[in-house]
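Naming: A, B, ... by sequence-line order, numbering from 1 per chain. Model, not experiment: these values are computed from the prediction.
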Protein chains: 2
Amino acid sequence: MQTSRYELKANVLNALAHPNRIRILEYLKAGAKCNCEIAPALDLEQSNLSRHMKILVQEKIVVSWKDGLRVNYKIADKQIFDILSLAGKVAHAEAKTRVKILEEQ
Amino acid sequence: MQTSRYELKANVLNALAHPNRIRILEYLKAGAKCNCEIAPALDLEQSNLSRHMKILVQEKIVVSWKDGLRVNYKIADKQIFDILSLAGKVAHAEAKTRVKILEEQ
DNA sequence: ATACTATATGAGTATATACTCATATAGTCA
DNA sequence: TGACTATATGAGTATATACTCATATAGTAT
């Protein structure tokens, strides 16, 4: 059975829907980093970080490439920052706005 | 302990990160609907739909109000459609784009 | 070769999520 | 009042997720 367009969107959003993955992505905003830089910077246990990176790579949100022992990561699709920014706006939207919406009925 | 801005964003994204909730939101795009209209239209079991709606209301993505026996729902923050649209674009972004990104290193 | 470093992964655990069925609650209408 | 309708929720189950510790893998450097 093939993946619906709803599932495709849900998979992308799900990959973004974790505080530590959001922190990782914002850390990568400055440029490519390896696991060994991200882990201490964000205080994440190595194997845990490795699995978060796997999720981000699988959803093609970041790309990775080997450089000797290290694996470097870089944002693959900068549109995710628009999604994160919008998510922040939705989270902070005021109750007032919603009262107005109710009054429109 | 208070909720970080990362958690706030993750919570919004998490509420959006389910195929059925995305279907519900797109169905509500046309205007306010009650549970009793959504369930048959999207072929969702009543109690399951009720719990999905609870998640969307808790995250203030939709607003609800009673009308006799019925509970009506309406989109509270239309910015979520921008998020869903961007999620679709990210999901469909081509490998080519990512090859370019790698070549930039 | 050995020692070292960076990352990936198996195994176990704890928690969260989605779902269903049955039942409770709340409002309507005869 | 009782019968009916729409929604919410308790309980149970199955699956997914996040995390940790230990170990495997792969590459570096001596």
Side-chain angles (χ1 to χ4, degrees), chain A residues 1 3-4 6-25 27-28 32-74 102 105, chain B residues 1 3-4 6-25 27-28 32-74 102 105:
Chain A
M1 191 189 122
T3 314
S4 73
Y6 304 107
E7 285 170 298
L8 289 172
K9 289 181 184 187
N11 289 343
V12 169
L13 294 170
N14 203 49
L16 297 175
H18 190 286
N20 285 334
R21 287 196 290 273
I22 296 174
R23 291 207 299 143
I24 291 164
L25 292 169
Y27 184 66
L28 288 178
K33 304 279 179 194
C34 73
N35 223 323
C36 59
E37 292 171 289
I38 303 168
L42 305 185
D43 193 27
L44 295 173
E45 199 269 341
Q46 179 269 321
S47 65
N48 187 20
L49 173 59
S50 181
R51 281 175 234 255
H52 279 308
M53 296 319 296
K54 192 174 183 178
I55 290 166
L56 293 172
V57 169
Q58 275 172 349
E59 278 307 314
K60 295 174 181 168
I61 289 166
V62 308
V63 282
S64 66
W65 67 96
K66 291 206 78 167
D67 176 20
L69 265 179
R70 299 178 175 191
V71 177
N72 289 313
Y73 296 97
K74 184 176 178 176
L102 278 172
Q105 311 310 328
Chain B
M1 189 190 123
T3 314
S4 73
Y6 305 106
E7 285 170 299
L8 289 173
K9 288 181 185 189
N11 289 344
V12 169
L13 293 171
N14 203 48
L16 297 175
H18 191 287
N20 284 335
R21 287 196 289 273
I22 296 175
R23 291 208 298 145
I24 291 163
L25 292 170
Y27 185 65
L28 287 178
K33 303 280 177 191
C34 72
N35 225 324
C36 60
E37 293 170 287
I38 303 169
L42 305 185
D43 194 28
L44 295 173
E45 198 268 341
Q46 180 268 319
S47 64
N48 188 20
L49 173 59
S50 180
R51 281 175 234 253
H52 279 308
M53 297 318 296
K54 192 174 182 178
I55 290 167
L56 294 172
V57 169
Q58 274 172 349
E59 277 308 312
K60 294 173 182 168
I61 290 166
V62 307
V63 281
S64 67
W65 66 97
K66 291 205 78 168
D67 175 21
L69 266 180
R70 301 179 175 190
V71 177
N72 290 313
Y73 297 97
K74 185 175 177 174
L102 279 172
Q105 310 311 329

- Message: Looking only at the side chain of H18(B) (C-beta and beyond, no hydrogens), which of the listed nucleotides dA18(C), dA6(D), dT7(C) gets closest?
- Response: dA18(C)
- Item | Length of the CG-C1' vector between L49(B) and dT9(D), whole Å | 14 Å
- Figure out the CG/C1' separation between N11(A) and dT17(C), and round it to whole Å. 15 Å
- Task: Compare every heavy atom of Y73(B) with every heavy atom of L28(B), then report the nearest pair and how far apart it is.
- Result: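 That closest heavy-atom pairing would be CD2-O, 3.7 Å.
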- Query: For the side chain of S47(A) and the base of dC21(D), is some donor closer than 3.5 Å to an acceptor across the two?
  - Reply: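 It does, because a donor-acceptor pair links the side chain of S47(A) to the base of dC21(D) below 3.5 Å.
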- In whole angstrom, give the distance that lies between atom CG of L16(B) and atom P of dA18(C).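 The distance from CG of L16(B) to P of dA18(C) comes to 12 Å, rounded to the nearest Å.
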- Query: Closest to the N35(B) side chain: dC19(C), dA8(D), dA6(D)?
  - Reply: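 Minimum distance to the N35(B) side chain belongs to dA8(D).
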- Task: Indicate yes or no for a side-chain donor-acceptor contact from R21(A) to the backbone of A15(A) under 3.5 Å, with no hydrogens or angles considered.
- Result: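 Yes, because the side chain of R21(A) sits within donor-acceptor range (under 3.5 Å) of the backbone of A15(A).
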- Is the shortest heavy-atom distance from the side chain of N20(B) to the side chain of L42(B) under 4.5 Å? no
- Counting just side-chain N and O atoms, does K66(B) come under 4.0 Å of either OP1 or OP2 of dA6(D)? no
- Output yes when at least one side-chain N/O atom of R21(A) is less than 4.0 Å from OP1 or OP2 of dA18(D), else no.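 True: R21(A) side-chain N/O within range (under 4.0 Å) of dA18(D) OP1/OP2.
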- Distance, rounded to the nearest Å, where K54(A) contributes NZ and dA6(C) contributes P: 21 Å
- What is the distance from OH of Y6(A) to P of dA18(C), rounded to the nearest Å? 18 Å
- Note on the structure: Rounded to whole Å, CD1 of I24(A) lies from P of dT7(C) at a distance of 13 Å
- Message: Base of dA8(D), side chain of Q46(B) - is there a donor-acceptor contact under 3.5 Å?
- Response: yes
- Item | Of the listed nucleotides dC19(D), dT7(C), dA26(C), the one nearest the side chain of H52(A) |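 That would be dC19(D).
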- Please name the pair of heavy atoms, one in A17(B) and one in N14(A), separated by the smallest distance, quoted to 0.1 Å.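 The pair with the smallest heavy-atom distance is CB-N, 3.5 Å.
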- Checking all strands, does I55(B) fall into the base, sugar-phosphate, or nothing category for heavy-atom contacts under 4.0 angstrom?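 Sugar-phosphate: the residue I55(B), judged by heavy atoms under 4.0 Å, touches backbone atoms but no base.
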- Measure from the side-chain heavy atoms of R51(A) and tell me the nearest of dT7(C), dC21(C), dT20(D). dT20(D)
- Closest non-hydrogen atoms of K66(B) and G68(B), given as atom of the first, atom of the second and distance, are CE-O, 3.7 Å
- Atom CZ of R23(B) and atom P of dA18(C) are separated, to the nearest Å, by 14 Å
- Item | Closest to side chain of L69(A), choosing from dA26(D), dT7(D), dT20(C) | dA26(D)
- Any side-chain heavy-atom pair from L44(A) and R23(A) closer than 4.5 angstrom?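 Yes, side chains in contact.
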- Message: Nearest to the side chain of S50(A), heavy atoms from C-beta on, is which of dA11(D), dT9(C), dT7(D)?
- Response: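 Selected nucleotide (nearest to the side chain): dT9(C).
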- OP1 or OP2 of dT20(D) under 4.0 Å from side-chain N/O of N48(A): yes
- On DNA chain D, nearest-nucleotide positions of L44(A) versus M53(B): which is more 5'? M53(B)
- Rounded to the nearest angstrom, tell me the gap between atom CG in D67(B) and atom P in dT7(D).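 Taking atom P of dT7(D) as the reference, CG of D67(B) is at 10 Å.
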- Query: Taking only N and O in the side chain of N14(A), is any of them less than 4.0 Å away from OP1 or OP2 of dT17(D)?
  - Reply: yes
- Query: So what's dC21(C) paired with, Watson-Crick or G-U wobble, going by both distances under 3.5 Å?
  - Reply: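 Its partner is dG10(D) (Watson-Crick or G-U wobble, both distances under 3.5 Å).
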